[in-house]
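Everything on this sheet refers to the single structure shown next.
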There are 2 protein chains.
Amino acid sequence: MQLDKVVAYHKALADPTRIKMLIMLAGGELNGQTLAEKLGVSPATVTHHAAKLREASLINERREKNTIYFCLNDYFIKSNANAAEKLIYRNAEREGGENAMEESNKRLKDSVIRNFFTSDGRLKHIPVQLKKKLIVLQHLADQLAKGQTYTEKEINAFIKRFHDDFATIRREFIMHQLMYREKDVYELNPPELWAKWETLS
Amino acid sequence: MQLDKVVAYHKALADPTRIKMLIMLAGGELNGQTLAEKLGVSPATVTHHAAKLREASLINERREKNTIYFCLNDYFIKSNANAAEKLIYRNAEREGGENAMEESNKRLKDSVIRNFFTSDGRLKHIPVQLKKKLIVLQHLADQLAKGQTYTEKEINAFIKRFHDDFATIRREFIMHQLMYREKDVYELNPPELWAKWETLS
DNA sequence: CATCTAATTAGATATTCATTAAATAAGCTA
DNA sequence: TAGCTTATTTAATGAATATCTAATTAGATG
């Protein structure tokens, strides 16, 4: 996603009236006049803000006779909540130089993987120490396909190849943001979003 | 209302120069003049934008001699990417009247608190099941003052009144977004930002 | 067609905000 | 101390924008 789009998206959400509109629309579709009343502004103002929200793909419209009903574009809101974050960290990799810590982390990672996995690749047990647990989780996540979506069953089956307690590991995937779940569909998050031990404790 | 915070957060990200600054900072810390050069703006402009980003807790600063290095507040960026989304959907529930789930959740909450806390209010042990763990954490957080800031020591002392493993609980507070930490200052997040079990598993 | 309703546009105003140059402050060094 | 570097504040300017009223459009219905 381009810088312009990210800025436009955040501009759209950078106004109290528009946020209130979205909150109201989350309760169900509404037409312009009703919104105007509820918000205590003129219909013209609602039109103005609706245009902004539409440009940012945050709402959709449906016409019925004379009246136009607005509703949330649920999908877009969810899928763009992290837009800025993604842009920031993705571009950073390009800029960023490797520092010394990288090296030491790499060594730790190797040692954890050697110690917690058997020679045939199964996980002996889940590390208690957060830092090591994250390494293990990330090692598992690395073996899932990017962009691919999975059902819960598929995820369970995948994890069971490594460890019997698939429920715990599946939950930790979500908790540490290695994966993201919507309804019953699981998908890998990009590594930039993964919880990092440096920032935690 | 916490609406202000969400708006402020998005305002901070609603400017191309600020997004560029964040991208650059994601590559490592930089001082004002370097940023000004890279961005092609005056130092005064950088100061201006840095102030906005600081207000929104998106960056931190470190002073060395007379030069100030800015860096990303990684944690805050990650934990607030969904701020608007959460606010929108959370408030929608309120508008749409209480649903049946509310009732059942309330009962669960009562039972968890009865079962995991002793009669004098200490926590017997930390629940393993996420849903119950969140209830316990939220029950603890409810006993902290809103808006008040705490040092790490104070937080530790507070938690120790309930359970000896203050380090784990303190970490879980942050992990599940009940609190937010900047440098050494801890503060309660508004409940809208708290992790919700309905959305997890 | 005449009329009603809902939504949009146009024009006007006030506010917010990004930007800069110039002045000031804060901290270091010789 | 004087002098250097970096950052912040101030005041000014121009651009963007939130909001209103009044006029206009679009669609439906008599």
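Quick caveat: nothing in here was measured; it's all calculated off a predicted structure.
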Base, sugar-phosphate, or nothing: which does B:T67 touch, judged by heavy atoms less than 4.0 Å apart? sugar-phosphate
From C-beta outward on A:K52, which listed nucleotide comes closest to its side chain: C:dT20, C:dG27, D:dT17? D:dT17
Hey, does the side chain of A:R18 come within less than 4.0 Å of D:dA18's phosphate (OP1/OP2), counting only N and O? yes
Between D:dC20 and A:T45, is there an OP1 or OP2 to side-chain N/O distance shorter than 4.0 Å? yes
D:dA18 P sits how many Å from A:E55 CD, rounded? 11 Å
So, for B:A12 and B:R18, which heavy atoms are closest and what is the spacing to 0.1 Å? O-NE, 2.7 Å
Whole-Å gap separating P (C:dA10) and NE2 (A:H48): 15 Å
Would you please confirm or rule out a distance under 4.0 Å between OP1 or OP2 of C:dT8 and any side-chain N or O of A:T47? yes
What contact category does A:V41 fall into here, base, sugar-phosphate, or nothing, at under 4.0 angstrom with non-hydrogen atoms? sugar-phosphate
A:K65 side chain, from C-beta outward: closest of D:dT29, C:dA18, C:dA22: D:dT29
Rounded to the nearest angstrom, tell me the gap between atom CD in B:E61 and atom P in D:dT6. 17 Å
Looking at the rings of B:F166 and B:F162, which for Trp means the six-membered one, are their centres under 6.0 Å apart? no
Minimum-distance pair of heavy atoms, taken over all atoms of A:K20 and A:L39: CB-CD2, 3.6 Å
Can you tell me how far C1' of C:dT5 sits from CZ of A:R63, to the nearest Å? 11 Å
Write down the distance between CD1 (A:I68) and C1' (C:dA6), rounded to a whole number of angstrom. 8 Å
Atom-to-atom span, CD of B:E37 to P of D:dA7 - whole angstrom: 11 Å
Check the distance between C:dT8's C1' and A:N31's CG and give it to me in whole angstrom. 14 Å
Would you indicate which nucleotide in D:dT6, C:dT20, C:dA7 comes nearest to any side-chain atom of B:A44? C:dT20
Do the side-chain N or O atoms of B:T17 get closer than 4.0 angstrom to the phosphate oxygens (OP1, OP2) of C:dT19? yes
Atom NE2 of A:H49 and atom C1' of D:dC20: how far apart are they, to the nearest Å? 12 Å
Could you please name the option among C:dC17, C:dT8, D:dT8 that lies closest to any side-chain atom of B:F70? D:dT8
Gap between atom CG of B:L13 and atom NZ of B:K52 - 0.5 Å precision: 12.5 Å
Closer than 4.0 Å, any side-chain N/O of B:K11 to the OP1 or OP2 of C:dT16? no
When rounded to the nearest 0.5 Å, the distance separating OG1 of A:T47 from CZ of A:R54 is 8.5 Å
On DNA chain D, check which nucleotide each of A:P43 and A:E64 is closest to and give me the residue with the more 5' one. A:P43
Heavy atoms only: give me the nearest B:V136-B:P127 pair and the separation to one decimal. CG2-CG, 3.5 Å
Side chain of A:N66, base of C:dT5: donor and acceptor closer than 3.5 Å? yes
